[in-house]
Amino acid sequence: MSEFLDGFKRTHHCGALRASDLGSEVRLVGWVQDYRNLGGFMFVVIRDRYGVTQARFAHENEALLEAANKLRAEWVIGIRGRVISRGENINSKLPTGEIEVDAEELRIFNRSAVPPFAIHDACDASEALRLKYRYLDLRRPVLNKNIVLRSKMTQIIRRVLEENDFLDLETPMLAKSTPEGARDYLVPSRVHPAAFYALPQSPQLFKQLYMVAGLDRYYQIARCFRDEDLRLDRQPEFTQIDIEMSFIEVDDIQNVCEAMIVSLFKELLDIEIARPFPRITWNEAMDRYGLDAPDTRFGMHLQDVSQILAGSEFKVFSQALANAGTVRAIAVPATINMSRKEIAYYEEIAKTYGAKGLAWAKLQDGALNGGISKFLSSDESKAIIEELALQEGDCALFVSDSVKIARTALGRVRKEIATRNELVGRELKSAADCGLVWVVDFPLFEWSDEDQRWYATHHPFTAPRAADWPALERKDYAKVYAQAYDLVLNGIELGGGSIRIHNIDVQSKVFEALGIDEQEARAKFSYLLDALQFGAPPHGGLAFGLDRLVMLFTGSESLRDVIAFPKTNKAADLMLDAPSEVSPEQLAELGIEIKKST
RNA sequence: GGGGUGGUAGUUGAGUUGGUUACAACAACGGCCUGUCACGCCGUAGGUCGCGGGUUCGAGCCCCGUCCGCCCCGCCA
């Protein structure tokens, strides 16, 4: 029996057979998913990426039956046979459902060692083991489908962008380390013993240079690298859908992106999304949701009750207010379980994000009861009931702290209440499940107490709003807002972008705000500063996280489920055993010596 | 950098107060079974309890160190 294809070409995909194929002769190739000898018959389920089909080996052909008896999981086989229907006997959960092939010929293309774990969607093997044998894990239908959807997604993105005259342009992977932002992955080179390339954190500056080069309307599905700690939704190596356009304003970029996103929803999920997407300012998002990536699918908005509690005798409140802090509150409907145990759970969430506690009170028999109610005057209670529009049984939650902490902590609690009580889910089944919103008008700068300096909220090349130029001139940095925008889906940032600075004077002022002096600016960004002097057009763009988009579209819990070969928490590849040590010769060539750590 | 949690057969887990030969299910291997799809029945084989050290007459269990997986905070312009 040949182990090579030897003329045995498949005529059909597994799982693609239909009732209309009944009686016809077919050839299928695939992996043995399951096999069973029963009553003298051999039943073998064959799997490929389209689904599964069951092959039956009848006892009339003894040699064939004997060969089929020896088949084991994950062997690569081919079947020639006739399509018969035994629908009543085949598990309807399988995609192919009702079709069975009566085998007349069996080809074994390759045998398989006993797999280290059973390859099916209910597989309970540890992720570490599955990562080591990633190519087997990827055979599981669920992961296989994620990767297929990823491919379909990039196809649609390319099509929509090319229809809109965008050019697919590449940018270097061996680039230059940048001072701001994430830690860089550095790359040494034999030719430059004391110098390093950096892998790009994003193609940001290159795409701007394409604009200066007159190649307006750029896109790239670009790999990016950041040497920071990982999360469930963060990998050190990830993919951006990177877009840049010239002679446009914020609306133009949003329009293109909306068209792209609408196509993705329509073609991949059959969901009609209305345009334009809602807009919310950053200030409004922070005030109502506490987060710059708001989940707009449900209410429970944050409210500022500082005014009401300005004279409060409750020390926690009065102290926070005395220190330029605030008291923020949300009203949790009575339908949600807010037992003391539950409140304690949410308090832990609040504490995680820096709050000292989570105060509460419930409306019972028309008055605030329990929790901190005894510290409130009757006027204060009344005003809070009114302000939060509390209904009987509702629970008010309060965080008092600095504005930053109060908003974040309560915003996270709000989100957790919704998740925990299944007010919202992860699956995107209809337009109502898709809380899309543009967050606009970000502050251009953020003050860092720790470093006692301003940082760029997005990046140092983001343009301020024209109206805020005077504030930038007079160095009133807190008042400068950016022409920047993020697209958020269900509380997850899909991507963000901005109009860039195309004027060298504005760029200098921004560098000045960031404490980057002219010498440093020249050392780090001379090419950009040069380019800005040679007729840079007004331009701007945006970048989406492709991995996160696939994660949301497939309802995956982890970014690792939508990246074919992902890294672990420590940024290791368990399959490659990377990173790994290199030979002394390699190091010597690079002029690198490894310090033995103590 | 910090907090939490886990590592026992190929896999997933149990393992009491530190005490005889470390247990179960699934998988594997052999046999039986004429329609199964979580098939069923009988049998066989399978272990450096992550690694190193310590305490003890005796350690999977207690102590110290270390490596690795997972979740989170910081970090991620």
Side-chain angles (χ1 to χ4, degrees), chain A residues 33-45 52 54 56-60 65 69-70 72-74 84 86-94 96-97 100 102 112-120 122-133 136 178-184 201-202 204-205 224-236 238 348-355 408-409 412 416 442 444-446 448 450-451 453-462 482 484 493 496-498 510 514 516 524 543 545 557-558 560 567-572 574 577 597:
Chain A
Q33 162 132 342
D34 201 7
Y35 55 94
R36 185 140 297 129
N37 183 344
L38 197 112
F41 287 96
M42 193 67 204
F43 299 97
V44 178
V45 177
V52 298
Q54 178 162 289
R56 182 187 78 160
F57 295 85
H59 55 295
E60 284 88 4
L65 184 65
N69 253 308
K70 289 179 182 149
R72 291 295 178 267
E74 304 310 321
I84 57 173
R86 292 293 305 215
E88 70 274 19
N89 290 320
I90 298 177
N91 188 341
S92 61
K93 280 182 288 188
L94 300 177
T96 179
E100 181 174 272
D102 199 17
S112 169
V114 176
F117 54 89
I119 299 172
H120 52 72
C123 165
D124 59 358
S126 73
E127 195 166 9
L129 186 74
R130 291 190 286 113
L131 284 173
K132 183 175 174 184
Y133 300 95
L136 297 182
T178 50
E180 305 260 314
R183 294 180 185 88
D184 287 313
Q201 296 179 24
S202 89
Q204 181 61 38
L205 295 177
C224 306
F225 305 88
R226 294 178 189 177
D227 188 5
E228 297 291 349
D229 286 344
L230 282 66
R231 289 286 187 285
L232 201 58
D233 60 352
R234 252 166 43 192
Q235 283 274 310
F238 62 100
E348 283 310 307
I349 304 277
K351 283 180 175 172
T352 301
Y353 293 93
T408 306
R412 292 288 178 170
E416 181 60 23
F442 279 75
L444 189 61
F445 303 109
E446 273 176 324
S448 163
E450 194 185 336
D451 299 343
R453 56 158 285 197
W454 293 96
Y455 279 95
T457 304
H458 272 82
H459 54 63
F461 319 106
T462 304
E493 183 195 324
S498 61
V510 169
L514 298 173
I516 300 174
K524 304 292 186 186
E557 285 181 51
S558 166
R560 293 186 296 268
K567 307 277 192 287
T568 68
N569 263 350
K570 289 213 169 123
L574 297 181
D577 188 26
S597 57

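As the structure is a prediction and not an experimental result, all values here were calculated from the model. Below, chains carry the letters A, B, ... as their sequence lines are ordered, and counting in each starts from 1.
- Across all strands, A:A456 comes closer than 4.0 Å only to sugar-phosphate atoms, never to a base (heavy-atom distances).
- Contacts of A:D227 with the nucleic acid, taken as non-hydrogen atoms under 4.0 Å apart, are absent.
- Following rounding to the nearest Å, A:I119 (CD1) and B:G10 (C1') show an atom-to-atom distance of 13 Å.
- Within the nucleic acid shown, A:P460 comes within 4.0 Å of at least one base atom, counting heavy atoms only.
- Listed candidates were B:G10, B:U12, B:G30. Nearest to the side chain of A:D124 is B:U12.
- In this structure, A:N37 places its CG atom 10 Å from C1' of B:U36, rounding to the nearest Å.
- Rounded to whole Å, atom P of B:G40 lies 8 Å from atom CZ of A:R36.
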Worksheet item: Once each nucleotide of nucleotides 69-76 of chain B is scored for protein heavy atoms under 4.0 Å, what B/S/- sequence comes out, 5' to 3'?
Response: SBBSBBBB
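- If you take CG of A:L129 and P of B:A27, they are 17 Å apart, rounded to a whole angstrom.
- Between A:H459 and A:V114, the residue anchored closer to the 5' end of RNA chain B is A:V114, taking for each the nucleotide with the nearest heavy atom.
- Across all strands, A:F41 comes closer than 4.0 Å to base atoms (heavy-atom distances).
- In this entry the distance linking CG of A:L65 with P of B:U34 reads 12 Å, nearest Å.
- Rounding to whole angstrom units, CD of residue A:Q33 and P of B:A27 are separated by 14 Å.
- Nearest-nucleotide mapping onto RNA chain B: of A:D34 and A:P116, the residue sitting toward the 5' end is A:P116.
- As judged by a 4.0 angstrom heavy-atom cut-off over every strand, A:T457 is placed among residues touching the sugar-phosphate backbone only.
- Comparing the P positions of B:C64 and B:C76 gives an interatomic distance of 34 Å, to the nearest angstrom.
- Between A:N69 atom CG and B:C29 atom P there is a gap of 12 Å when expressed in whole angstrom units.
- Separation of the P atoms belonging to B:G69 and B:G54 is 28 Å when rounded to the nearest angstrom.
- At least one cation-pi condition fails for A:R130 and A:Y133: the charged atom is not both under 6.0 angstrom from the six-membered ring centre and inside a 45 degree cone around its axis.
- Residues forming a side chain to side chain contact (heavy atoms under 4.5 Å, CB included) with A:T178 (at least two apart in sequence, or on another chain): A:D184, A:Q201, A:F525.
- Computed from coordinates, the A:R72 CZ to B:C29 C1' distance equals 9 Å when rounded to whole Å.
- Under the Watson-Crick and G-U wobble criteria, each requiring two contacts below 3.5 Å, nucleotide B:G69 is paired to B:U5.
- The aromatic ring of A:F117 is not stacked on the base of B:U11, since the criterion of ring centres less than 5.5 Å apart with planes inclined by under 30° is not met.
- Of the candidate nucleotides B:A28, B:U36, B:U11, B:A28 has the atom nearest to the side chain of A:Y35.
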